[in-house]
Amino acid sequence: MSRFFSSRHASLTAYTPGEQPQDRRYVKLNTNESPFPPSPAVVAAAAAEAARLQLYSDPESRAVTEAVAARYGVSPDMVLMVNGSDEILNFAFLAFGDAEHGFVCPDISYGFYPVFAALNHVPLREIPLRDDFSVDPEDYCGVGANIVLANPNAPTGRALPLADIERIVQTNPGHVVVIDEAYVDFGGESCAALVKRYDNLLVTQTFSKSRSLAGGRLGFGIGCPALIRDLNTIKYSTNPYNVNRMSAACGAAAIADDAYYRKNARTIMENRAYTAQALRQRGFEVLPSAANFLFARPAFCGGGELYRGLKARGVLIRHWDKPRIEAWCRITVGTKEQMDALLAAIDDMIREANA
């Protein structure tokens, strides 16, 4: 860092995104993107909006806000569109956390939560997952702090049922509960409808996964009008034009073309089941997943060795050098052809290990 970097951030450890290598063509199963392109209607919406890029975007993102509100059965003043769901998660830490009101989250979850807490000088307590990597809802009932939970969780893929989420929200009336539903469309239960009953619930979602817009950087939050006003205060104090014209238009078109994306999600769930079974047949331990990825531990090698061996064979997956999960890898579920390429590369590694 330079000599000008503020001492307030001297100990900050930045989030490390998944690899986006340019050295060769990979079967890319490391960042949970959709293997399917945006729908033709979304592509057309982007092309139409490109001719108006000399104009600022609508700071209220009204068209896509109204589309999301209608999709989830809430009023538009209960929705905030953002530049990827990471932005609204950061807003939540900034708006609702301080030295007195910290957050809690699982010890194995989305790696950006500790970064947002540190960046905004908000205390964060990490609660260990059970030995099977599941969240114990009792750990969060009446916990006395703001809560952020990914449901389904990442990188494990495990999901809590709606009843458990509601109990967590009910037992923490004096604190904000943020439920990060980035992967909910692949088998989880959304709690978006609960925002009409609980003023302390904020639900976040993204267009990056099931709606094939990872490159468009579009997400949203759903909460009671007062929570959304708080988050808008943060937004208008940082970047009022946070959602660009093309992404907003693509988002509205994607909501309108919901059937296309639901079909893709079903295909991914079918490919997930196929791949999980195939990995287990090869001796892997595979956690049950309600996301578009699998969390798996090989029997014939370590997690880091699996990651490196597959990368050498042109297949990218995700691995973390963390004590509880260093033996595991996260594998994005792609097309059937991509999953067969993964399995073929694994078979090659197994043959080599047995030679």
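Between the side chains of Asn153 and Ser109, at least one donor-acceptor pair of N or O atoms lies under 3.5 Å. Tyr72 and Gln205 are linked by a side-chain donor-acceptor pair at a separation below 3.5 angstrom, with hydrogens and angles left out of the test. Side-chain contact, Ser208 with Arg217: a donor N or O sits under 3.5 Å from an acceptor N or O. If you check the side chains of Tyr198 and Glu166, you find a donor sitting under 3.5 Å from an acceptor. For the 3.5 Å distance criterion, the side chains of Lys28 and Gln338 fail to qualify, holding no donor opposite an acceptor.
Under a hydrophobic clustering in which Ile, Leu, Val, Met, Phe, Trp and Tyr are joined whenever their side-chain heavy atoms come within less than 4.5 Å, directly or via other members, Met339 and Tyr26 fall into different clusters. There is a path of hydrophobic side-chain contacts, each under 4.5 Å, that joins Val333 to Leu29. Tracing side-chain contacts under 4.5 Å through hydrophobic residues (I, L, V, M, F, W, Y), one never reaches Met246 starting from Val82; they form parts of separate clusters. If you chain together hydrophobic residues whose side chains sit under 4.5 Å apart, Ile108 and Ile168 fall into the same group. Linking ILVMFWY residues whenever their side-chain heavy atoms come closer than 4.5 Å, directly or via other members, leaves Val203 and Phe93 in distinct clusters.
Using a cut-off of 4.0 Å between Lys/Arg side-chain N and Asp/Glu carboxylate O, Arg308 and Glu305 are scored as not salt-bridged. Using a 4.0 Å cut-off between charged nitrogen and carboxylate oxygen, Lys336 and Asp340 count as a salt-bridge pair.
Asn271 places a side-chain N or O within 3.5 Å of a backbone atom of Gly334 that can act as its donor or acceptor partner.
Atom CG of Asp132 is surrounded by more than 12 heavy atoms from other residues, nucleotides or ligands within 6.0 Å. Summarising the local packing, CD of Glu100 is surrounded by 12 or fewer heavy atoms from other residues, nucleotides or ligands at distances under 6.0 Å.
Across Ala45 and Ala253, no two heavy atoms sit closer than the pair CB-CB, 3.9 Å. Across every non-hydrogen atom of Met269 and Asp185, the tightest pair is CE-O, 4.4 Å. Thr332 approaches Glu33 most closely through the heavy-atom pair CG2-O, 3.8 Å. Summarising the geometry of Val135 relative to Pro106, their closest heavy-atom pair is CG2-CG, 4.2 Å, with the distance given to 0.1 Å. Considering all non-hydrogen atoms of both residues, Ala345 and Leu310 come closest at CB-CD2, 3.6 Å. Annotation for Ser289 and Arg272: closest pair O-CZ, 3.1 Å, computed over non-hydrogen atoms.
For the pair Arg282 and Phe284, the NZ or CZ position fails the cation-pi test of under 6.0 Å to the six-membered ring centre and within 45 degrees of the ring normal.
Between Tyr110 and Tyr15, the distance from one ring center to the other falls under 6.0 angstrom. Taking the ring centroids of Phe186 and Tyr183, they lie at or beyond the 6.0 Å cut-off.
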After noting the C-alpha distance and the side-chain angles of Glu138 and Arg167, does the key distance pass the salt bridge (Lys or Arg N to Asp or Glu O under 4.0 Å) rule? CA-CA 9 Å; Glu138 295 301 323; Arg167 190 152 51 92; 2.4 Å; yes
For Glu126 and Tyr113, what are the C-alpha separation, side-chain angles and deciding distance, and is it a side chain to side chain contact (heavy atoms under 4.5 Å, CB included)? CA-CA 10 Å; Glu126 296 180 316; Tyr113 302 151; over 6 Å; no
Give the table of side-chain donor-acceptor pairs shorter than 3.5 Å for residues 220-232, with sequence neighbours excluded, one pair per line with atom names and distance.
none

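Ring planes of Tyr56 and Tyr241: parallel class, angle under 30° (limits at 30 and 60°). Between His9 and His121, the angle of the ring planes stays under 30°, which puts this pair in the parallel group of the 30/60° scheme.
Just one of Asn264, Asp257, Asp258 meets the side chain to side chain donor-acceptor pair (under 3.5 Å) condition when paired with Ser39; it is Asp257.
Taking the salt bridge (charged side-chain N to carboxylate O under 4.0 Å, His left out) definition, one finds that Arg125 meets it with nothing, sequence neighbours left out. A search for ring-ring contact (aromatic ring centres under 6.0 Å, His included) contacts involving Tyr140 returns nothing, not counting sequence neighbours.
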